[in-house]
S.K.: 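What follows is a single structure, and I will ask about it in a moment.
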Amino acid sequence: MDDDYLREIFDGLGHVSVRRLFGGKGIYHNGLIVGIALRGEVMLKGDEQSAAEYEAAGAERWTYQGKRRPVQMPYWRLPAAILDEPDELARWSRKAYEVALRSERKG
């Protein structure tokens with residue numbers, strides 16, 4: 001995915017910057033990471049508070065196989081239908097930014 005496409009996807013959130021991350025790209029708003037693009041997928045930042053809502057919408061948590069066990073990352077794969085709905089995508093992007101703000105406060 002190219003940077004312009006990612007900026008367009010997150011247009012409803014406002015200005016975002018795109019930087020290399022994890023062999024993919026990180027999407028940042030106001031200096032906080034709100035999502036990643038990796039292997040052709042867009043994933044939004046999530047936490048315990050947002051997990052149930054992401055799951056109810058059909059999003060899947062990014063998990064990879066670690067050396068001893070699966071490792072769950074704090075990012076959720078967006079259902080493809082959301083990428084085609086600018087208003088819905090803007091709503092989910094704002095939720096990811098709220099997660100990023102909560103994570104910042106914890107740190």
Side-chain angles (χ1 to χ4, degrees):
M1 289 183 192
D2 74 12
D3 294 1
D4 289 337
Y5 176 71
L6 292 171
R7 284 188 203 80
E8 182 181 321
I9 288 175
F10 287 90
D11 188 53
L13 182 59
H15 175 75
V16 296
S17 60
V18 180
R19 293 181 261 181
R20 292 175 126 0
L21 179 73
F22 299 139
K25 297 179 180 187
I27 298 105
Y28 297 82
H29 178 65
N30 291 336
L32 300 175
I33 190 163
V34 294
I36 59 174
L38 184 65
R39 295 183 210 111
E41 295 183 294
V42 176
M43 296 177 250
L44 294 179
K45 190 168 183 80
D47 62 8
E48 310 82 38
Q49 192 170 331
S50 64
E53 193 169 359
Y54 280 141
E55 287 175 349
E60 296 178 14
R61 190 166 190 174
W62 175 28
T63 304
Y64 71 90
Q65 184 59 46
K67 289 183 180 180
R68 295 188 178 94
R69 60 183 167 82
V71 177
Q72 292 186 328
M73 299 297 289
Y75 296 94
W76 295 77
R77 290 179 183 90
L78 287 174
I82 289 177
L83 291 173
D84 296 330
E85 302 274 341
D87 292 339
E88 195 66 9
L89 185 55
R91 187 173 78 81
W92 284 99
S93 298
R94 286 189 295 273
K95 287 184 177 298
Y97 182 62
E98 291 169 7
V99 171
L101 287 171
R102 284 194 296 270
S103 295
E104 179 79 1
R105 286 185 210 123
K106 286 181 183 179

S.K.: Sequence neighbours excluded and cut-off under 3.5 Å, please list the side-chain donor-acceptor pairs for residues 58-72, or say none.
M.R.:
| residue | atom | partner | partner atom | Å |
| --- | --- | --- | --- | --- |
| Arg61 | NE | Met73 | O | 2.8 |
| Arg61 | NH1 | Gln72 | OE1 | 3.3 |

S.K.: So how far is it from Ile82 CD1 to Glu88 CD, rounded to the nearest 0.5 Å?
M.R.: 5.5 Å

S.K.: Cluster question for you: counting only ILVMFWY and a side-chain heavy-atom cut-off of under 4.5 Å, with indirect links fine, are Ile36 and Tyr28 together?
M.R.: yes

S.K.: Which pairs count as salt bridge (charged side-chain N to carboxylate O under 4.0 Å, His left out) when at least one residue sits in residues 25-42, sequence neighbours excluded?
M.R.: Asp3-Lys25, Glu41-Arg77

S.K.: How would you list, by chain and number, every residue that makes a side-chain contact (heavy atoms from CB on, under 4.5 Å) with Asp2, sequence neighbours excluded?
M.R.: Asp4, Tyr5

S.K.: Less than 4.0 angstrom from a charged side-chain N to a carboxylate O is my criterion; do Lys95 and Glu98 meet it?
M.R.: no

S.K.: Measuring from Ile9:CD1 to Asp84:CG, what's the distance to the nearest 0.5 Å?
M.R.: 9.5 Å

S.K.: For Tyr75, which residues count as a side chain to side chain donor-acceptor pair (under 3.5 Å) partner, sequence neighbours excluded?
M.R.: none

S.K.: Honestly curious: do Ile27 and Val99 fall in one hydrophobic cluster under the side-chain, below-4.5 Å linking rule?
M.R.: no

S.K.: Could you state whether Leu101 and Met43 fall into the same hydrophobic cluster, counting links through intermediate Ile, Leu, Val, Met, Phe, Trp or Tyr residues with side-chain heavy atoms under 4.5 angstrom apart?
M.R.: no

S.K.: Quick check: do Leu89 and Leu78 have side-chain heavy atoms less than 4.5 Å from each other?
M.R.: yes

S.K.: Roughly how far apart are Lys45 NZ and Arg102 CZ, rounded to 0.5 Å?
M.R.: 10.5 Å

S.K.: Are Leu44 and Leu83 joined in one hydrophobic group, where the rule is that I, L, V, M, F, W and Y side chains link up if heavy atoms are under 4.5 Å apart?
M.R.: yes

S.K.: Considering non-hydrogen atoms only, spot the tightest contact between Ala90 and Gly12 and give its length.
M.R.: CB-CA, 3.7 Å

S.K.: Hey, can you pull the donor-acceptor pairs under 3.5 Å for the side chains in residues 13-22, sequence neighbours left out?
M.R.:
none

S.K.: What closest approach, in Å, do Leu32 and Ala100 show between heavy atoms, and which atom pair accounts for it?
M.R.: CB-CB, 3.8 Å

S.K.: Mind jotting down which residue pairs meet the ring-ring contact (aromatic ring centres under 6.0 Å, His included) criterion with at least one end in residues 76-95? Sequence neighbours excluded, please.
M.R.: Tyr54-Trp76, Tyr54-Trp92

